[in-house]
Number of protein chains: 2
Amino acid sequence: MRLTTKGRYAVTAMTDLALHQHDNGGRPVSLSDIAERQSIPAAYLGRLFASLRSHGLVESWRGPGGGYRLARSAGDISIADMIEAVDERTDNTRCRGQVNCQDNHKCLTHVLWSDLSQRIQDVLSDICLSDVVSDAQVREVAERQDAMAKNRGGAATVQWRRPC
Amino acid sequence: MRLTTKGRYAVTAMTDLALHQHDNGGRPVSLSDIAERQSIPAAYLGRLFASLRSHGLVESWRGPGGGYRLARSAGDISIADMIEAVDERTDNTRCRGQVNCQDNHKCLTHVLWSDLSQRIQDVLSDICLSDVVSDAQVREVAERQDAMAKNRGGAATVQWRRPC
DNA sequence: GGATTTGTTGACCAAAATAGTAAGGTATAG
DNA sequence: CTATACCTTACTATTTTGGTCAACAAATCC
Ligand code: FES
Ligand code: FES
């Protein structure tokens with residue numbers, strides 16, 4: 001599993017979502033709010049959320065007042081879940097699990113990469129969104145970001161609807 | 001720390017070197033032998049070995065009968081050492097340690113990537129070359145490779161010289 | 001000494017992966 | 001009907017990676 005900007009955006013956006021999903025009485029959090037707070041290109045982030053949704057990590061609502069909410073509790077979503085959703089590929093072997101990277105045979109180090117992939121996956125599975133959200137340093141940054149965004153619109157009426 | 005073909009080549013070549021450095025009475029193992037056994041482009045591998053050498057992982061000899069040997073014992077060279085030598089960059093933060101990736105401020109998840117980088121580094125530091133070499137599956141592949149290369153030249157006279 | 005072998009270096013190139021954009025479509029509130 | 005906000009596809013630009021080439025330097029062999 002490789003860490004790239006795509007995966008970092010996904011985790012950052014999900015963290016933002018987790019932090020703000022109880023604002024305004026729990027109405028869905030819109031893409032544009034997240035993108036603005038986290039300085040992520042909105043169009044790009046939109047595609048990442050499509051993946052997160054199709055992997056069952058978030059629910060979405062369309063139309064005015066629409067947006068996203070976590071589909072599961074933050075304690076039940078690991079870093080690995082999020083990165084996998086947008087990055088697919090949990091495997092660090094050259095052969096992508098085909099065991100054929102040297103002229104259709106197993107290369108000298110296949111077993112090593114396979115083993116390491118598993119260990120790295122374990123590390124990323126061991127940390128979940130609630131761990132991130134409750135970290136003191138993370139909260140501190142979030143507060144600064146919220147203060148920064150104070151100029152934008154106030155609370156709106158709360159609505160209940162079914163997700164898409 | 002990201003796993004890429006460059007790092008995989010480095011580890012594969014080092015493993016091959018560790019496995020063959022006692023062949024022919026301990027004469028240096030040539031680049032072309034390693035490249036051929038492991039199906040790695042020789043010119044490319046040459047540059048990787050230059051990095052491995054400058055990081056003190058191998059010693060080299062030029063001229064006829066020249067080649068490489070491990071500069072330290074296989075138990076004293078970790079996977080992290082080898083990957084770092086060719087890849088530099090042990091850091092998975094977006095800011096590369098600058099703590100400035102959101103408009104010159106710390107982004108929401110900096111502390112997370114920083115922490116994860118360390119954990120992954122620990123995993124890669126925990127396995128060393130001797131672990132790889134002594135793995136049963138690795139030895140099995142090595143034997144097949146050696147049988148494959150049986151057509152090439154036999155043992156030559158042993159020489160002692162100082163490394164480059 | 002000269003040819004040959006082997007590693008060393010730097011510049012260069014091609015292909016792949018990644019990050020980002022743009023535009024049209026669909027559902028929903030009001 | 002219209003504005004909002006998510007959804008999807010296609011495309012483009014940039015960066016990174018993998019790989020080549022040629023000239024070079026050291027050591028050996030004859
Ligand atoms: S990595 Fe799987 S065969 Fe080489
Ligand atoms: S990753 Fe370091 S500031 Fe964002």
Side-chain angles (χ1 to χ4, degrees), chain A residues 2-10 12-13 17 27-36 39-55 58-69 83 86-89 94 96 101 153 156-164, chain B residues 2-10 12-13 17 27-36 38-55 58-69 71 83 86-89 94 96 101 153 156-164:
Chain A
R2 74 230 130 106
L3 299 186
T4 170
T5 297
K6 205 191 314 192
R8 283 189 289 247
Y9 279 169
T12 301
L17 177 52
R27 78 167 356 186
V29 183
S30 82
L31 186 59
S32 55
D33 284 356
I34 300 177
E36 182 167 353
S39 311
I40 299 173
Y44 193 45
L45 186 57
R47 289 178 22 211
L48 301 187
F49 265 109
S51 296
L52 292 168
R53 186 175 98 92
S54 75
H55 283 76
V58 298
E59 288 174 328
S60 70
W61 284 262
R62 299 208 221 201
Y68 298 91
R69 276 213 297 251
I83 292 179
V86 296
D87 247 12
E88 22 248 36
R89 189 181 345 168
R94 179 167 161 77
R96 307 272 171 90
C101 90
T157 56
V158 180
Q159 305 263 336
W160 189 90
R161 286 180 280 157
R162 307 195 65 86
C164 291
Chain B
R2 74 231 131 104
L3 298 185
T4 171
T5 298
K6 202 191 316 191
R8 284 189 288 248
Y9 278 169
T12 302
L17 177 51
R27 75 167 359 186
V29 183
S30 82
L31 184 61
S32 55
D33 284 355
I34 300 176
E36 181 168 353
Q38 304 306 329
S39 310
I40 300 173
Y44 193 44
L45 187 58
R47 296 192 5 225
L48 301 187
F49 265 111
S51 296
L52 293 168
R53 187 174 98 91
S54 74
H55 282 76
V58 299
E59 288 174 329
S60 70
W61 284 261
R62 299 208 220 201
Y68 298 92
R69 275 213 297 252
I83 293 178
V86 296
D87 248 11
E88 18 247 40
R89 189 176 349 163
R94 179 167 162 77
R96 308 271 170 90
C101 90
T157 56
V158 181
Q159 304 262 336
W160 188 90
R161 287 179 281 157
R162 307 195 64 87
C164 289

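Each chain gets a letter, A, B and so on, in the order its sequence line appears, and its residues count up from 1. Keep in mind that this is a model prediction, so the values were computed, not measured.
- Atom P of nucleotide C:dA17 and atom NZ of B:Lys6 are separated by 16 Å, given to the nearest angstrom.
- Within the 4.0 angstrom heavy-atom criterion, no nucleotide atom of any strand lies near B:Phe49.
- The base of D:dA5 lies outside donor-acceptor range of the side chain of A:Arg62, with no N or O pair under 3.5 Å.
- Rounded to an integer number of Å, the gap from OH of B:Tyr44 to P of C:dA15 is 16 Å.
- Between A:Trp61 atom CH2 and C:dT26 atom P there is a gap of 22 Å when expressed in whole angstrom units.
- Taking the six-membered ring where tryptophan is involved, the planes of A:Tyr9 and A:Tyr44 are perpendicular, since the angle between them exceeds 60° and thus also 30°.
- The nearest whole Å value for the distance from the CD1 atom in A:Ile40 to the P atom in C:dT18 is 18 Å.
- What separates CZ of A:Arg96 from P of C:dA16 is a distance of 12 Å, to the nearest Å.
- Contacts of B:Gly67 with the nucleic acid, taken as non-hydrogen atoms under 4.0 Å apart, involve only primed sugar atoms and P, OP1 or OP2.
- A 4.5 Å side-chain heavy-atom check between A:Arg2 and B:Leu3 finds every atom pair outside the cut-off.
- Of the candidate nucleotides D:dG18, C:dG20, C:dG7, C:dG20 has the atom nearest to the side chain of B:Arg94.
- Judged by atom type and distance alone, A:Arg47 reaches the base of C:dT21 through a side-chain donor-acceptor pair under 3.5 Å.
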